[in-house]
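One structure below.
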Amino acid sequence: MRNILFISFFSLAFLIACDDADTYDVREDALINYKTDINGEWNLYSIARGSTDLSAVHGTGLKLTIADGTFTLSDAKMPFPTLTTTVADFSTGNWSFDDDYQPTKIQFTNGTDVVPVNLMFPLYGKNNTSLGLEFSLGCGSVKYSYHFKK
């Protein structure tokens, strides 16, 4: 008899907990894709080559300024994908995403040369405060990771 009461009690509790009356409202603007916005001044926070942190060796003084499809680097002496020997070096130019809403790559260009760079983590909509770039400077097995913050 006790087992029947025990089972009945938990069955009733389960049915009450799964009541369909509990609905959740979803904000309409949560379903809208917003174009990714990274305009602003980005300061280099950390540098890594593979799993080795190079921030102490190279410093973190590099600034990347991005504004409406153009970019400028503050220091042309630091290693950066647009400052390699495979293309003409450039510290200013244009940029674009592979997808304006959920990008996985950013492409830097000086008009003739195009340098694609992988994004280390997703960027969505506005208010992005971290920008991670992953690239190789000639040797495909050696990857550099630059983490910028606003």
Side-chain angles (χ1 to χ4, degrees), residues 10-11 13-150:
F10 279 107
S11 297
F14 179 75
L15 290 174
I16 291 171
C18 294
D19 187 9
D20 286 339
D22 293 333
T23 59
Y24 298 99
D25 293 329
V26 176
R27 291 180 27 193
E28 284 184 40
D29 65 340
L31 303 176
I32 297 171
N33 270 339
Y34 289 99
K35 197 172 184 179
T36 303
D37 180 11
I38 60 168
N39 289 328
E41 188 173 276
W42 296 89
N43 298 302
L44 187 60
Y45 179 74
S46 67
I47 307 170
R49 182 179 60 226
S51 61
T52 306
D53 185 5
L54 300 176
S55 301
V57 176
H58 287 291
T60 55
L62 180 68
K63 288 183 183 11
L64 174 63
T65 304
I66 296 178
D68 297 326
T70 63
F71 79 94
T72 304
L73 292 172
S74 67
D75 184 358
K77 295 177 185 162
M78 296 246 343
F80 196 76
T82 62
L83 303 171
T84 66
T85 57
T86 58
V87 298
D89 290 356
F90 57 99
S91 60
T92 64
N94 299 317
W95 68 272
S96 64
F97 285 130
D98 61 339
D99 181 323
D100 286 336
Y101 297 93
Q102 295 179 355
T104 59
K105 293 182 187 300
I106 186 171
Q107 296 180 356
F108 296 102
T109 180
N110 66 354
T112 57
D113 298 308
V114 177
V115 180
V117 177
N118 293 326
L119 296 173
M120 290 172 26
F121 34 83
L123 296 169
Y124 298 108
K126 298 182 180 200
N127 299 324
N128 292 296
T129 58
S130 289
L131 174 65
L133 305 178
E134 184 178 68
F135 56 90
S136 175
L137 292 175
C139 181
S141 62
V142 178
K143 299 281 185 192
Y144 287 85
S145 302
Y146 279 33
H147 184 187
F148 289 91
K149 290 194 174 194
K150 269 191 178 176

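Bear in mind the structure is a predicted one, so any value in this text is a computation, not a measurement.
The shortest distance between side-chain heavy atoms of His147 and Ser130 falls below 4.5 Å. The side-chain heavy atoms of Ser91 and Thr82, taken from C-beta on, include no pair separated by under 4.5 Å. Within the 4.5 Å cutoff, no side-chain heavy atoms of Thr70 are placed close to those of Thr92. Leu133 has its side chain out of reach of Pro81: every pair of non-hydrogen atoms, C-beta onward, lies at least 4.5 Å apart. The shortest distance between side-chain heavy atoms of Thr65 and Glu41 falls below 4.5 Å.
Applying the side-chain contact (heavy atoms from CB on, under 4.5 Å) test to Lys126 and every residue at least two apart in sequence or in another chain returns Asp37. Not counting sequence neighbours, Asn127 has no partner by the side chain to side chain donor-acceptor pair (under 3.5 Å) test. Listed by chain and residue number, Ala48, Met120, Glu134 satisfy the side-chain contact (heavy atoms from CB on, under 4.5 Å) test with Ser145 (two or more places apart in sequence, or in another chain). Partners of Thr104 by side-chain contact (heavy atoms from CB on, under 4.5 Å), not counting sequence neighbours, listed by chain and number: Asp98. For Asn110, the side-chain contact (heavy atoms from CB on, under 4.5 Å) partners are Ala88, Phe90, Thr112, Asp113, not counting sequence neighbours. Under the rule for a side chain to side chain donor-acceptor pair (under 3.5 Å), the partners of Lys105 that lie at least two apart in sequence or sit in another chain are Asn118.
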*Stepwise, does the side chain to side chain contact (heavy atoms under 4.5 Å, CB included) test hold for Tyr45 with Asn43?*
CA-CA 6 Å; Tyr45 179 74; Asn43 298 302; over 6 Å; no
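Note that CD1 of Ile38 is 4.0 Å distant from CD1 of Ile106, once rounded to the nearest 0.5 Å. One finds the CZ atom of Phe80 at 6.5 Å from the CZ atom of Phe135 (value rounded to the nearest 0.5 Å). Interatomic distance, NZ of Lys150 versus OG1 of Thr129, reported as 8.5 Å (0.5 Å rounding). One finds the OG1 atom of Thr52 at 12.5 Å from the CD1 atom of Ile47 (value rounded to the nearest 0.5 Å). Remark: Leu123 CG to Thr36 OG1 distance equals 6.0 Å, nearest 0.5 Å. To the nearest 0.5 angstrom, Trp95 atom CH2 is 10.0 Å from Leu64 atom CG.
In terms of modelled atom types and a separation under 3.5 Å, the side chain of Asp100 and the main chain of Phe97 share no donor-acceptor contact.
Closest heavy-atom contact between Leu83 and Asp89: C-OD1, 3.5 Å. The two residues Ser46 and Ser55 come nearest to each other via the heavy atoms CA-OG, 3.2 Å.
In this structure, Phe148 and Tyr146 have tilted ring planes: the angle between them lies in the 30° to 60° band.
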